[in-house]
Amino acid sequence: MRANELMRPRRTIHDRIQGLMCILEAGMDAKILKISGTLIGFVLLALWFDMRGNHSFSNQEAMESAHLGRHLAAWKGYTTYSIRPLTLGLLQRADPGRASEVLLRPVPDLSIAPGYPFLLACLMKVLPFNFAAERSYRWSYQPELLIVAFNELLFFAAVLILFRLARRLFDSQVAWVSAIIFAGSETYWKFSVSGLSTIWLLLIFLLVVWCLAALEERENREIPPAPAASLGLAAATGVLVGMGGLSRYSFAWIMVPVLLFMRVFLKCRWGKLSLLAALSFLSVMAPWIARNLVLSHTPFGTAGYAIVENTRPFEEDRVQRSFDPFSAGLDLLRPRDLVNKFLVNEGKILRSDLPRLGSNWVWSFFLCGLLLPFRQRALRRLSAFLVSTLALVALVQALGQTHLSVESPDINSENLLVLLAPLVLMFGTGFFFTVLHQMDLPNPRLRGLGAGLFALLMCAPLLLGLASPPDPSAISPYAPTRIQRTAAMMKPEELMMSDIPWAVAWYGERPCSWLTLDDAGAFEQVNKLKAVHAIYLTERTTDRPLLSQLLYNPQDWGRFLLLSLPKSESPQGAVPPGFPLTKAPANYVPAQMFISDTVRWKAVP
C-alpha cells in the first residue's frame with residue numbers, strides 16, 4: 001500500500017452522509033428538498049392521527065353537507081332528504097297555494113350554506129366515491145375517508161399560507177415555528193377529520209389576511225403604484241369573504257372589520273377600494289339570498305332562527321322541530337332571554353374558549369404582544385384588525401350558538417374563534433422571538449434550542465395524545481351499515497321519521513323527517529302532507545335521562561319508545577290508540593327501535 005494512502009484519513013459515516021447531502025443539493029434545489037420533506041412529514045403525521053382511532057362523522061352538519069354535495073354531484077339540485085319541520089313551515093307560508101304539496105316534490109334545503117357542499121360535489125365528481133358501506137368495517141365509510149383526506153390537504157395548504165404570511169411579515173424563523181405549531185395543534189386535526197367546513201373557511205380567512213397585508217403595503221407607500229393591482233386585491237378580498245359567507249353564513253360578519261381596516265389604514269383610494277370590496281362581496285352573496293327569499297321569504301332560511309335557539313322557550317332543537325316557531329312559544333320570547341343567552345355564552349367564551357384558543361399557550365404571548373406593540377407599521381395594523389375581528393366574532397358566536405354547540409362543545413360549525421387562532425399564534429410566536437433575541441445568552445445556538453423547545457411545548461398536547469392509548473368510544477348511533485340496512489327497508493319515494501335524519505339521508509339516501517316536537521299532534525301534521533311509513537329511534541333518544549325526559553314528559557318520543565317496546569314482531573296495543581305504525585322487529589331494542597306500517601325487514605338481508 002502506498003504511503004499517501006496510509007496518510008489519508010478514513011471517511012466516517014457522518015462524512016459520507018454529508019457528502020451525499022452535498023450531491024443532492026448540487027443536483028436539486030434546496031427549496032424542493034425542504035418542501036418535499038415538509039410534505040412527507042405532514043403526510044406521516046396525518047397517517048398517524050388517522051390510523052390511531054375511529055374518525056367517522058359524528059356531527060350533524062358534516063353529514064348534511066356531505067349529503068347535499070352528493071345530491072349536487074348527482075344533478076338533483078340543492079335539495080335535501082334531511083327534512084326539518086321548520087323548513088316545511090317556511091315553504092308553506094311562502095307558497096300557501098301549494099302548501100299541501102310541499103312533501104310531494106323535492107324539498108329545497110334552507111339550512112346549510114351551499115359553498116362547502118358545492119366543493120364536496122366537485123370532489124365527488126373527480127374521485128371514485130363508493131356509497132355502499134362495507135359490513136367488515138362497521139365504523140369506517142369510504143366517502144368519509146376521502147372527505148377527511150381532502151380536508152387534510154386543505155389543512156396543509158393553510159399551513160403553507162401561514163408560513164408565507166409569517167415570513168412576509170416577520171422572518172423565516174417566525175415562519176417555521178408558526179407553521180410547526182399550527183400543524184401540531186390537536187384542535188385543527190380534530191376539525192380536519194370532523195367533515196365540517198372549518199378548515200375550508202380557515203384557508204379562506206388566511207387568504208383574506210394575505211390580501212389585506214398586500215393592500216396595506218401597496219397603498220401606504222410614499223409614491224403609490226398603479227391602482228390596477230390594488231383594485232384587484234380589493235375585489236379578491238370581497239369575493240373571498242363572500243365565498244366564506246356562502247360556506248357559513250356567520251362568516252359574512254368578517255366583512256365589517258375588513259371594511260374598517262380599509263377605511264382606517266389605507267391612505268390612498270380607500271373609498272374606491274372599500275366600495276369595490278363591498279360590491280364584490282354582495283355580488284357573491286346576493287343571488288343566494290334572493291333564492292332564499294323567493295323560497296321562504298327569509299334571507300338565510302332556518303339559519304336565521306339561530307339567535308333564538310337555546311333561549312328559555314327553545315331549549316335544544318325545538319325551533320328546528322316546529323312547523324311554526326310562534327305556536328311553539330316564539331311569542332313568549334323576551335329581550336331578557338336573548339340577553340341571558342349572550343351573557344351565559346360570552347362568559348363561557350371568556351372563561352374557556354379564548355384561553356384554549358388553538359389548544360396551546362401561544363394566546364398568552366399574543367396578549368403580551370399587545371402591551372408591547374411591534375415596531376413595524378404593518379404588524380401593528382394587522383394586529384389591530386385581528387383584535388377587532390376577535391371582538392366581533394366573540395359577540396357573533398355568543399348569540400349564534402345553537403344545540404350543535406351543546407352536543408359538541410369544541411368541534412362544531414359554530415366555533416368561529418378557531419378561524420382566527422392561526423393569526424394569534426403567528427403574532428404570539430413573533431413576540432416570543434422578540435423576547436428571545438433580547439435575552440443575553442452566552443451562546444447564540446441557545447436561541448435555536450429555545451425556539452425548538454418552545455415549538456415542542458406548544459405541540460405537546462397533540463404528541464401526548466398520539467402517544468397515549470385511545471379512549472374507549474362513546475355510545476354512537478352512527479353505524480353506516482345498520483343505517484343503510486334500515487333505510488333499505490324503505491322504498492325511495494317513502495318517507496320515514498327519525499332522531500338522526502341527517503344520517504339516514506347521508507348513509508341511506510332516503511327521505512327522512514326530523515322528529516316533531518311531540519309524539520302525536522305534530523306527527524299527524526307531517527303525516528297529512530305525506531304518509532310516514534316508519535319511525536327510526538336510536539341512542540340519541542334511548543340514552544337520555546330516564547326520569548326527567550323519558551318518564552315524566554308525556555309528549556316526549558322517549559316515553560313513546562318505552563311504551564312501545566315490542567315483545568314480538570307484531571306488538572298490538574303497545575303504541576298509542578290509532579297510531580298508524582304498529583310493526584317492529586325485536587332485534588333493534590333496547591338501544592334502538594324501528595316501527596313501521598308493515599313487516600319490511602324479512603326481505604332485507
Side-chain angles (χ1 to χ4, degrees), residues 59-68 71 76-95 99-114 117 248-249 291-293 295-310 313-330 400-407 412-414 495-506 508-519 521-530 532 535-538 540-541 557:
N59 191 286
Q60 165 194 324
E61 191 165 337
M63 298 183 198
E64 289 192 314
S65 297
H67 162 66
L68 290 169
H71 271 203
K76 295 182 179 180
Y78 204 71
T79 59
T80 182
Y81 282 163
S82 177
I83 303 169
R84 291 167 168 82
L86 179 58
T87 296
L88 300 180
L90 292 176
L91 293 173
Q92 286 179 315
R93 288 194 294 274
D95 190 3
S100 60
E101 303 175 6
V102 67
L103 276 176
L104 302 181
R105 55 185 186 271
V107 179
D109 186 81
L110 299 176
S111 305
I112 308 297
R248 188 178 302 172
Y249 291 133
R291 174 258 190 190
N292 290 337
L293 288 171
L295 292 177
S296 65
H297 292 178
T298 61
F300 303 107
T302 65
Y305 289 84
I307 192 172
V308 302
E309 289 200 45
N310 278 351
F314 296 108
E315 295 83 0
E316 299 180 338
D317 54 355
R318 289 179 58 85
V319 172
Q320 303 294 330
R321 293 167 56 192
S322 61
F323 277 87
D324 184 3
F326 285 95
S327 63
L330 187 59
Q401 287 187 354
T402 66
H403 67 282
L404 298 176
S405 298
V406 176
E407 294 179 0
N412 60 76
S413 60
E414 296 165 356
L495 178 67
M496 64 187 302
M497 184 178 287
S498 176
D499 54 0
I500 54 168
W502 44 87
V504 174
W506 168 230
E509 191 65 10
R510 290 293 187 269
C512 188
S513 168
W514 287 37
L515 285 180
T516 50
L517 281 181
D518 59 75
D519 59 358
F523 171 83
E524 287 299 327
Q525 196 169 355
V526 176
N527 200 46
K528 289 179 181 178
L529 295 174
K530 187 175 183 179
V532 177
I535 294 178
Y536 179 40
L537 302 178
T538 68
R540 281 178 58 88
T541 300
W557 283 97

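- At least one side-chain heavy atom of Y78 sits less than 4.5 Å from a side-chain heavy atom of P117.
- In this structure, T541 contributes its side chain and L537 its backbone to no donor-acceptor pair below 3.5 Å.
- Rounding to the nearest 0.5 angstrom, the gap separating the CG atom in L68 from the CH2 atom in W506 is 10.5 Å.
- For K76, the side chain to side chain donor-acceptor pair (under 3.5 Å) test picks out E509, with sequence neighbours left out.
- Taking the side-chain contact (heavy atoms from CB on, under 4.5 Å) definition, one finds that L293 meets it with I289, P299, sequence neighbours left out.
- Panel note: side chain S322, backbone V319; a donor-acceptor pair is recorded below 3.5 Å.
- Put simply, CG on N527 and OG1 on T516 are 10.0 Å apart, with the number rounded to the nearest 0.5 Å.
- Residue S296 comes nearest to G301 through the heavy atom pair OG-CA, 4.2 Å, listed as atom of the first residue, atom of the second, then distance.
- Side-chain contact between Y536 and M497: absent, with no pair of heavy atoms (C-beta onward) separated by less than 4.5 Å.
- With sequence neighbours left out, R84 forms a salt bridge (Lys or Arg N to Asp or Glu O under 4.0 Å) with E64.
- The side-chain heavy atoms of Q401 and E309, taken from C-beta on, include no pair separated by under 4.5 Å.
- Residues that satisfy the ring pair (Phe, Tyr, Trp, His ring centres under 6.0 Å) test with H71, not counting sequence neighbours, are H67, Y81.
- Using a 4.0 Å cut-off between charged nitrogen and carboxylate oxygen, E407 and R540 count as a salt-bridge pair.
- The side chain to side chain donor-acceptor pair (under 3.5 Å) search around T402 returns E414, not counting sequence neighbours.
- To the nearest 0.5 Å, atom CG of residue D317 and atom NE2 of residue H403 are 5.0 Å apart.
- Here the shortest heavy-atom pairing between F323 and Q92 reads CD2-OE1, 4.1 Å.
- Listed here is the closest heavy atom pair of A303 and Y249: CB-CD1, 3.7 Å.
- Distance OH/Y305 to CZ/F300: 13.5 Å, rounded to 0.5 Å.
- A distance of 12.0 Å separates CG of L495 from CZ of R510, quoted to the nearest 0.5 Å.
- S65 places a side-chain N or O within 3.5 Å of a backbone atom of E61 that can act as its donor or acceptor partner.
- Not counting sequence neighbours, S513 has no partner by the side chain to side chain donor-acceptor pair (under 3.5 Å) test.
- Checking T302 against T87 by side-chain atom types alone, no donor-acceptor pair falls below 3.5 Å.
- Partners of D109 under the side chain to side chain donor-acceptor pair (under 3.5 Å) rule, at least two apart in sequence or in another chain, do not exist in this structure.
- Residue I83 comes nearest to L103 through the heavy atom pair CD1-CD2, 3.8 Å, listed as atom of the first residue, atom of the second, then distance.
- Residues passing the side-chain contact (heavy atoms from CB on, under 4.5 Å) test with P106 are T79, sequence neighbours excluded.
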* **CA sep, side-chain torsions, deciding dist, call: L86, L110, side-chain contact (heavy atoms from CB on, under 4.5 Å)** => CA-CA 9 Å; L86 179 58; L110 299 176; over 6 Å; no
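- Partners of P108 according to the side-chain contact (heavy atoms from CB on, under 4.5 Å) rule, which considers only residues two or more places apart in sequence or in another chain, are L91, R291, L295.
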